[in-house]
Amino acid sequence: MRVLTGLQPSGDLHIGNFFGAIKPMIEAQDDSEMFMFIANYHAMTSSQKGEILKQNALKAAAAFLSLGIKPEKSIFWLQSDVKEVLELYWILSQFSPMGLLERAHSYKDKVAKGLPSSHGLFSYPVLMAADILLFDTQIVPVGKDQIQHVEIARDIAIKVNNEWGEIFTLPEARVNENVAVVPGTNGAKMSKSYQNTIDIFANEKLRKKQISSIVTDSTPLEEPKKWQECNIFQISKLFLDEEGQEELKKRYERGGEGYGHFKMYLNELVNAYFKEATESYENYLKEPKKLEEILEFGASKARKIARAKMQKIYEKIGL
Ligand code: ADP
Ligand code: TRP
């Protein structure tokens with residue numbers, strides 16, 4: 001099964017991203033053929049500042065590698081290192097009706113939020129279709145907001161296949177319904193847009209600040225507490241096996257400990273869980289050359305596949 005996913009290099013990753021998207025992706029490496037890339041061409045739709053784009057791409061690469069992407073096993077690259085995707089983007093543009101793109105929620109939402117509308121933003125789904133179709137992708141794991149983009153890729157592929165014969169594999173979106181929504185510090189869905197996150201690679205000070213901002217009720221220290229309704233518990237359980245969860249439930253039910261204690265405990269759990277990844281992340285950031293080498297290693301594998309596909313496409317189109 002060929003699985004492809006584009007990773008946005010946008011800002012700091014939080015534990016909602018980790019349990020909702022990154023962990024399942026890392027685990028899938030063992031039984032699928034995984035293609036993963038940092039979507040830095042797509043990131044240009046929100047910033048055109050070179051230094052920021054470069055830093056964000058390297059930070060994202062460092063983050064995903066230290067959280068468990070295996071560059072020997074999966075193909076992992078920086079989108080702009082495989083330029084064939086832009087060749088295909090232009091070709092697919094001829095098969096992308098305006099009406100199809102005008103219906104894209106993501107474009108409409110971004111413009112409604114005040115992003116200037118540009119051709120780049122408008123044609124974002126065509127570039128995403130090129131990412132997907134260039135590699136004969138079968139499955140695209142996505143969050144709900146991206147399903148429509150995969151459907152657009154599929155529609156474009158059908159149009160091309162009608163014209164040229166079976167040239168593209170039809171991709172399918174896969175939404176992992178089994179992963180629960182991770183709550184943020186205020187109990188709503190954790191999201192960087194709500195500023196209620198606990199970040200994976202936060203320093204000690206920020207981690208403390210984020211965890212201490214978790215909203216609780218005001219049950220006094222000595223009284224028993226309801227773990228069922230407590231945000232600290234809901235987050236802590238992600239880091240605990242069943243036995244650990246049972247012990248923590250008992251501590252709530254026993255009373256005699258305040259929410260401050262439970263926050264301290266969560267702090268320790270998060271630090272321990274991401275300790276190794278954080279060290280590895282910091283090391284990668286100190287050695288950008290090494291990161292670039294790993295990305296180039298992935299790009300060279302991706303480029304080979306992309307070139308062969310483009311060759312076939314050029315033959316069809318007569319260019
Ligand atoms: P944010 O809401 O912080 O902007 P993104 O939309 O960039 O996060 O999400 C990237 C990926 O992480 C998506 O696949 C999304 O489903 C997953 N994700 C984000 N927040 C959560 C959450 N609170 N719980 C579970 N998964 C999440
Ligand atoms: N648009 C995706 C997002 O915002 C990122 C992305 C770009 C992508 N190209 C892709 C995802 C191809 C899957 C497949 O998260």
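Just so you know, ligand 1 is whichever comes first in the structure, and atom 1 is the first atom listed for that ligand.
Residues P141 and N176 have side chains not in contact (no heavy-atom distance under 4.5 Å, counting atoms from C-beta outward). Inter-residue side-chain proximity for K192 and D12 is flagged as unmet; no heavy-atom pair is nearer than 4.5 Å. Annotation: side chain of F95 is not in contact with side chain of V126 (no heavy-atom distance under 4.5 Å). The shortest side-chain heavy-atom distance between F135 and K309 does not fall under the 4.5 Å cut-off. Counting heavy atoms from C-beta on, the side chains of E204 and K208 come closer than 4.5 Å. Put simply, the side chain of F76 reaches to within 4.5 Å of the side chain of L7, judged on heavy atoms.
Contact annotation: for F135 versus ligand 2, there are no heavy atoms closer than 4.0 Å. Contacts with ligand 2 closer than 4.0 Å are made by no heavy atom of Q79, backbone or side chain. Only the backbone of A180 comes within 4.0 Å of ligand 1, judged by heavy-atom distances.
With rounding to the nearest 0.5 Å, the separation of CG in L248 from NZ in K237 is 11.0 Å.
No close placement of the F274 and Y281 rings is indicated, their centers lying 6.0 Å or farther apart. For Y41 and Y89, the ring centers sit 6.0 Å or farther from each other. Here F239 and F19 bring their ring centres to under 6.0 angstrom of each other.
The protein atom (non-hydrogen) at minimum distance from atom 9 (N) of ligand 2 is D131 OD2, 2.8 Å. The protein non-hydrogen atom at the shortest distance from atom 2 (C) of ligand 2 is Q146 OE1, 3.4 Å. Of the protein's non-hydrogen atoms, the one nearest atom 7 (C) of ligand 2 is H42 ND1, 3.3 Å. From the protein, the heavy atom lying nearest to atom 2 (O) of ligand 1 is S191 OG, 2.8 Å. Nearest protein heavy-atom contact of atom 12 (C) of ligand 2 is M128 CG, 3.7 Å. The nearest protein atom to atom 7 (O) of ligand 1, hydrogens excluded, is given as K192 NZ, 3.1 Å; this is a heavy-atom distance. For atom 15 (O) of ligand 2, the closest non-hydrogen atom on the protein side is Q8 CG, 3.7 Å. From the protein, the heavy atom lying nearest to atom 24 (N) of ligand 1 is V182 N, 2.9 Å. The shortest contact between atom 14 (O) of ligand 1 and any protein heavy atom is with A21 CB, 3.6 Å. With hydrogens left out, the protein atom closest to atom 25 (C) of ligand 1 is G16 O, 3.5 Å, a heavy atom. Looking only at protein heavy atoms, the nearest one to atom 8 (O) of ligand 1 is N17 ND2, 3.4 Å. Nearest protein heavy-atom neighbour of atom 16 (O) of ligand 1: G143 CA, 3.8 Å.
Close contacts between ligand 2 and Y124 involve ligand atoms 1 (N), 2 (C), 3 (C), 4 (O) [criterion: under 4.0 Å to a heavy atom]. For ligand 1, the atoms sitting less than 4.0 Å from at least one non-hydrogen atom of M190 are 20 (N), 21 (C), 22 (C), 23 (N), numbered in the order shown with element in parentheses. Listed by number with element, the atoms of ligand 2 under 4.0 angstrom from any heavy atom of V140 are 13 (C), 14 (C). Set against the non-hydrogen atoms of L4, the atoms of ligand 2 under 4.0 Å away are 12 (C), 14 (C). Each of the following atoms of ligand 1 lies closer than 4.0 Å to a heavy atom of G20: 25 (C), 26 (N).
Considering both main-chain and side-chain atoms, H149 never comes within under 3.5 Å of ligand 2 through any nitrogen or oxygen pair.
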Set out, in order, the CA-CA distance, both residues' side-chain angles and the distance that settles side-chain contact (heavy atoms from CB on, under 4.5 Å) for E102 and F122, then state yes or no.
CA-CA 8 Å; E102 271 161 0; F122 183 68; 3.9 Å; yes
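In this structure, H14 is part of the shell of residues with a heavy atom less than 4.0 angstrom from ligand 1. Ligand 1 is never approached by Q8 to a heavy-atom distance shorter than 4.0 Å.
Y124 carries K110 over the face of its six-membered ring, with the cationic atom under 6.0 Å from the centre and within 45° of the normal. Annotation: cation-pi pair R251/Y265 present, NZ/CZ under 6.0 Å from the ring centroid and within 45° of its normal. Stacking of K225 on the aromatic ring of Y259 is recorded, both the 6.0 Å distance cut-off and the 45° axial limit being met.
When the heavy atoms of S10, A21, G6 are ranked by distance to atom 5 (C) of ligand 2, first place goes to G6.
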